[in-house]
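Input: a single structure, listed below in structure tokens.
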Amino acid sequence: MVNESDFIEQLISETDRDKAFNKLIDLYQVRLYWHIRKLVITHENADDVLQNTFIRVYKGISKFSRQSSLYTWMYKIAYNESIRFLELNKNKHSISIEDVSTKYLNSLLEDTFFEADVLQLKLQTVVSELNYKQRQIFNMKYYDDLKFHEIASILEMKEGTIKTLYYNAVKFIESNIETLTLKKKTLIQNIENS
Amino acid sequence: MNAKDKMNQIKEDELNKIHSDTLGLTIPENYFSNSKNEILNKVLAEKETKVIPFYKKRTSWLAAASVTLLLGLSIFRTYNSQNQENITNQLTDSIVQIDNTTTTNNANNTTQGHNLVPENDIIVSSLFVEEKEIDEYITNRLLEDM
């Protein structure tokens with residue numbers, strides 16, 4: 001495998017471009033898809049945004065300043081494409097950037113590719129209660145395994161702010177999952193007692 | 001498949017599993033290979049629409065810019081000369097009008113007294129009258145009318 005700088009050169013060069021772009025899709029398609037899916041929720045929307053993201057990458061690779069890693073740059077494009085998609089379709093679809101938890105969950109439940117059991121739905125319910133920014137940061141850190149400085153670069157926020165928002169999100173999820181578990185225990189005890 | 005590709009494959013499988021197991025998010029069968037083909041087709045379509053050579057593009061841009069510049073300049077010049085002509089005409093008209101008014105007023109003043117003093121002159125003169133005097137005048141007129 002060539003190093004990233006050489007790989008970018010291949011992506012820019014007229015002769016190696018197609019082959020390198022093919023490789024680029026293999027390398028990042030899955031990770032970018034899941035990142036987008038968590039932002040736009042439904043599979044159909046994620047599919048549209050993923051395709052647009054790769055087209056933008058193809059068109060814009062020659063302008064890539066290389067101040068971040070290739071993946072961070074692509075991730076940022078995917079993030080911006082998702083936000084643009086939500087903005088453009090906020091009247092057509094039931095979710096928007098400022099969506100409330102009920103809308104988020106409704107979209108999830110309407111998606112034919114959402115097959116959660118009760119516990120998964122509970123986790124989703126707690127996550128959906130976070131505000132939009134916190135949810136994005138939580139998803140990027142917890143599921144996409146990005147570093148704080150990478151999240152800061154993508155969201156154009158200070159690293160310290162990202163850390164604070166993430167820890168608050170984690171605390172919120174932990175305390176609410178405990179509540180859910182407690183409620184479940186109480187429910188079982190009540191059933192056993194009755 | 002080399003070691004790095006294998007690692008990537010493992011990571012992708014893990015990602016799919018995590019999203020499916022913890023979030024309940026699933027994908028259609030063979031989605032990623034189908035999606036890759038669609039992306040490549042779209043990119044190919046993009047390339048085909050972008051076949052205009054750069055020099056042609058530049059020439060058309062230069063032509064468009066020149067036409068716009070010429071059109072803009074001619075409009076500006078026409079407007080500017082018209083505008084200057086208008087200002088000159090307006091000034092000449094005003095001077096002639098003032099001259100006429102002054103001549104007429106002087107003639108009227110000598111024949112009919114102060115009855116035809118222009119309205120603007122009254123307004124200007126009122127600035128030099130004390131407020132107290134105006135009040136007295138209005139009160140007297142009101143009392144007379146009653």
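- To the nearest 0.5 Å, atom CD1 of residue Ile25(A) and atom OG of residue Ser33(B) are 12.0 Å apart.
- In this structure, the separation between CG on Leu50(A) and OH on Tyr31(B) is 4.5 Å, given to the nearest 0.5 Å.
- Between Glu46(B) and Lys59(A), at least one side-chain nitrogen of the basic residue sits less than 4.0 Å from a carboxylate oxygen of the acidic one, meeting the salt-bridge criterion.
- For chain B, the nearby parts of Asn22(A) are the backbone and the side chain; heavy atoms of each come within less than 4.5 Å.
- Counting all heavy atoms, side chain and backbone alike, Phe21(A) lies closest to Val43(B) at CE2-CG2, 3.6 Å.
- Atom OH of Tyr71(A) has more than 12 neighbouring heavy atoms from other residues, nucleotides or ligands inside a 6.0 Å radius.
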Evaluate the side-chain contact (heavy atoms from CB on, under 4.5 Å) criterion for residues Leu25(B) and His43(A): first the C-alpha distance (whole Å), next the side-chain angles of each, then the deciding distance (0.1 Å), finally the verdict. CA-CA 9 Å; Leu25(B) 301 173; His43(A) 167 70; over 6 Å; no

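- The candidate with the highest count of non-hydrogen atom pairs below 4.5 Å against chain B, out of Ile55(A), Thr53(A), Asp144(A), Asp145(A), is Ile55(A).
- Ring orientation note: the planes of His19(B) and Trp34(A) are close to parallel, at an angle under 30° on the 30°/60° scale.
- For the atom pair CG of Asp47(A) and CD of Glu38(B), the computed distance is 6.0 Å after rounding to the nearest 0.5 Å.
- Between Glu12(B) and Leu27(A) the shortest heavy-atom distance is OE2-O, 4.0 Å.
- In this structure, Gln51(A) contributes its side chain and Lys42(B) its backbone to no donor-acceptor pair below 3.5 Å.
- The heavy-atom pair separating Arg37(A) from Ile27(B) by the smallest distance is NH1-CG2, 3.9 Å.
- When each of Leu40(B), Ile18(B), Leu44(B) is scored by its heavy-atom pairs under 4.5 Å with chain A, the top score falls to Leu40(B).
- Between Tyr58(A) and Ile39(B) there is no side-chain heavy-atom pair separated by less than 4.5 Å.
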